[in-house]
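For reference, the structure is listed below as structure tokens.
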Amino acid sequence: QLQASGGGLVQAGDSLRLSCAASGRTHSRSATAWFRQAPGKEREFVGGITWTGSRTRYLDSVKGRFTISRDNAKNTVYLQMNSLKPEDTAEYYCAYKAGELMSDWRLYTSWGQGTQVTVSS
């Protein structure tokens, strides 16, 4: 089970850090990813990280601004979002899958509830 938190209302250029806390056991060969969905738009992959932390992957439009990290001792994955833009406004979800890090949301088997991020201009 995943619990996402950290969303809020910020101004353009501000930062937020989202957290995704997992309860229960996670597999050493697995990946956790963040997705977002804005009203009227499809869910899109924002970024993800493998359980070991050795591999990360990002949506092109967030590269250099967003950073994913994890603390396995706390069973938590973080999404540090800097230089936020109005187009980053969306509901953000974390998700978990066994196996390789992938960008297709349909491959993820466990989902947290969304946390809303709103960036005003």
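Please read all numbers here as calculations on a predicted model, not as lab measurements.
- The closest donor-acceptor contact from the side chain of Q113 to the backbone of A4 lies under 3.5 Å.
- Judged purely by atom type and a 3.5 angstrom limit, T76 uses its side chain to pair as donor or acceptor with the backbone of K74.
- Under the side chain to side chain donor-acceptor pair (under 3.5 Å) criterion, E100 pairs with R29, not counting sequence neighbours.
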Step by step, would you call V117 with R36 a side-chain contact (heavy atoms from CB on, under 4.5 Å)?
CA-CA 9 Å; V117 172; R36 66 187 181 187; over 6 Å; no

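- By the rule that hydrophobic residues join a cluster once side-chain heavy atoms approach within less than 4.5 Å of another member, W34 and V119 end up as members of one cluster.
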Next item on the list: Take R70 and W51 through the side-chain contact (heavy atoms from CB on, under 4.5 Å) test and state the conclusion after the steps.
Entry: CA-CA 8 Å; R70 66 185 306 142; W51 189 88; 3.6 Å; yes

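- Residues passing the salt bridge (charged side-chain N to carboxylate O under 4.0 Å, His left out) test with K85: none are found, sequence neighbours excluded.
- Applying the ring-ring contact (aromatic ring centres under 6.0 Å, His included) rule to Y58 yields no partners; only residues at least two apart in sequence or on another chain are considered.
- Looking at every heavy atom in both residues, L101 comes nearest to A31 through CA-CB, 3.6 Å.
- Under a 3.5 Å cut-off, the side chain of S110 and the backbone N or O of Q1 do not form any donor-acceptor pair.
- The structure places CG of D104 at 11.0 Å from CZ of R43, a figure rounded to the nearest 0.5 Å.
- F66 is linked by a ring-ring contact (aromatic ring centres under 6.0 Å, His included) to nothing, counting only residues two or more places apart in sequence or in another chain.
- Counting only residues at least two apart or on different chains, the ring-ring contact (aromatic ring centres under 6.0 Å, His included) pairs with a member in residues 87-121 are F35-Y108, F35-W111.
- Checking side-chain atoms of N75 against main-chain N and O of A22 turns up a donor-acceptor pair under 3.5 Å.
- With no hydrogens or angles considered, a side-chain donor-acceptor pair links T118 and Q116 at under 3.5 Å.
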| said: Before you tell me yes or no, could you show the steps for M81 and V62 under side-chain contact (heavy atoms from CB on, under 4.5 Å), namely the whole-Å CA-CA distance, both residues' side-chain angles and the distance that decides it to 0.1 Å? | reply: CA-CA 8 Å; M81 305 186 294; V62 308; over 6 Å; no

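- Residues L2 and V46 do not share a hydrophobic cluster, defined by chaining ILVMFWY side chains whose heavy atoms lie under 4.5 Å apart.
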Which pairs of donor and acceptor atoms, one on a side chain in residues 8-18, lie under 3.5 Å apart (sequence neighbours left out)?
{"unit_1": "D14", "atom_1": "OD2", "unit_2": "Q11", "atom_2": "N", "d": "3.1"}
{"unit_1": "S15", "atom_1": "OG", "unit_2": "N82", "atom_2": "OD1", "d": "2.9"}

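- Atom OG1 of T56 sits about 6.5 Å away from atom CD1 of I49, to the nearest 0.5 Å.
- The closest donor-acceptor contact from the side chain of R55 to the backbone of T50 lies at 3.5 Å or more, if one exists at all.
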